[in-house]
Amino acid sequence: MEIFNDFVDDWNEQYRRDRSTLSRLWESSKKEIKLDESTGVDFSKKLLDYSANSPDIYADIRRMSNNEPLSSIMLFFNELKANAGVNSANKRSSLLNDEDSSEDEGEIKEDGEEAE
């Protein structure tokens with residue numbers, strides 16, 4: 001069990017380092033790389049293409065993509081997709097809630113108060 005825990009701890013530490021690089025790359029590329037219909041493999045290829053002009057980042061992305069199926073890129077991709085799903089659900093929810101906001105929002109009267 002200790003070997004497994006060591007593996008998980010090492011993997012978690014590596015992912016935190018990789019996630020920093022992936023986050024910076026994503027922030028600079030998200031206008032060009034769309035998540036809509038992408039798979040994890042497509043996303044990985046797009047990141048490689050986008051980082052081709054920067055040898056250091058390209059080497060990092062290439063290293064990260066070689067660890068299938070437990071690659072940092074796949075984890076990051078799944079996080080982005082999950083966050084996008086949560087954000088779109090929140091937007092839909094707030095749009096639905098905004099429809100109800102047009103109701104009369106008059107002052108609430110306490111029992112015994114007279115209306116003006």
Side-chain angles (χ1 to χ4, degrees):
M1 184 69 168
E2 187 175 325
I3 293 172
F4 177 74
N5 289 335
D6 289 343
F7 169 77
V8 171
D9 290 342
D10 291 345
W11 185 41
N12 188 31
E13 186 178 314
Q14 182 65 47
Y15 179 62
R16 275 189 264 159
R17 286 191 303 264
D18 290 348
R19 191 174 189 284
S20 174
T21 300
L22 290 166
S23 294
R24 285 192 314 271
L25 185 59
W26 173 246
E27 284 303 313
S28 67
S29 69
K30 66 183 175 184
K31 292 180 182 176
E32 295 180 35
I33 299 175
K34 304 295 180 209
L35 289 178
D36 298 344
E37 300 300 320
S38 291
T39 64
V41 173
D42 294 338
F43 183 70
S44 181
K45 288 177 183 176
K46 289 175 184 178
L47 288 178
L48 278 170
D49 290 344
Y50 188 81
S51 65
N53 294 331
S54 176
D56 292 338
I57 294 175
Y58 182 82
D60 285 342
I61 297 300
R62 188 156 180 79
R63 175 192 51 79
M64 288 179 219
S65 65
N66 287 333
N67 295 330
E68 294 292 335
L70 298 176
S71 75
S72 294
I73 292 174
M74 291 301 290
L75 289 173
F76 187 73
F77 174 74
N78 289 334
E79 277 184 25
L80 290 175
K81 293 286 272 194
N83 289 341
V86 167
N87 289 339
S88 70
N90 287 342
K91 286 179 186 175
R92 282 192 302 269
S93 175
S94 72
L95 287 174
L96 291 174
N97 290 336
D98 284 346
E99 291 174 8
D100 296 336
S101 68
S102 64
E103 294 178 12
D104 182 25
E105 295 181 14
E107 187 176 327
I108 298 174
K109 303 291 181 197
E110 296 287 329
D111 289 338
E113 285 187 37
E114 293 184 24
E116 294 180 21

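Shown here are the side-chain hydrogen bond (donor to acceptor under 3.5 Å, both in side chains) partners of Ser72, two or more places apart in sequence or in another chain: Asp18. Residues passing the ring-ring contact (aromatic ring centres under 6.0 Å, His included) test with Phe77 are Phe43, sequence neighbours excluded. For the salt bridge (Lys or Arg N to Asp or Glu O under 4.0 Å) test, no residue two or more places apart in sequence or in another chain qualifies with Arg62. When the salt bridge (Lys or Arg N to Asp or Glu O under 4.0 Å) test is applied to Glu13, the partners found at least two apart in sequence or on another chain are Arg17. With sequence neighbours left out, the salt bridge (Lys or Arg N to Asp or Glu O under 4.0 Å) criterion links Arg19 to Glu79. Applying the side-chain contact (heavy atoms from CB on, under 4.5 Å) rule to Thr39 yields the partners Val41, Asp42; only residues at least two apart in sequence or on another chain are considered. For Lys45, the side-chain hydrogen bond (donor to acceptor under 3.5 Å, both in side chains) test picks out no residue, with sequence neighbours left out. The side-chain hydrogen bond (donor to acceptor under 3.5 Å, both in side chains) search around Lys30 returns Glu27, not counting sequence neighbours.
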Give the intermediate values and the outcome of side chain to side chain contact (heavy atoms under 4.5 Å, CB included) for residues Asp49 and Ile33. CA-CA 10 Å; Asp49 290 344; Ile33 299 175; over 6 Å; no
Could you check Leu25 against Phe76 for side chain to side chain contact (heavy atoms under 4.5 Å, CB included), going step by step and ending with a plain yes or no? CA-CA 11 Å; Leu25 185 59; Phe76 187 73; over 6 Å; no
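Note that OG of Ser29 and CD1 of Ile57 are 10.0 Å apart. Values are rounded to the nearest 0.5 Å. Here CG of Leu75 is found 11.0 Å from CG of Leu80. Values are rounded to the nearest 0.5 Å. In this structure, the separation between CE on Met64 and OG1 on Thr21 is 4.5 Å, given to the nearest 0.5 Å.
Listed by first and then second residue, the side-chain hydrogen bond (donor to acceptor under 3.5 Å, both in side chains) pairs involving residues 51-60 amount to none (not counting sequence neighbours).
A tilted orientation is assigned to the rings of Phe4 and Phe7, their planes being inclined by 30° to 60°.
Ile73 and Ile61 get closest at one heavy-atom pair: CD1-O, 3.6 Å. Listed here is the closest heavy atom pair of Lys34 and Lys46: O-NZ, 3.8 Å.
Between the side chain of Asn12 and the main chain of Val8, no donor-acceptor pair closer than 3.5 Å is present.
Counted by atom type alone, Arg24 and Ser20 present one or more donor-acceptor pairs between their side chains at under 3.5 Å.
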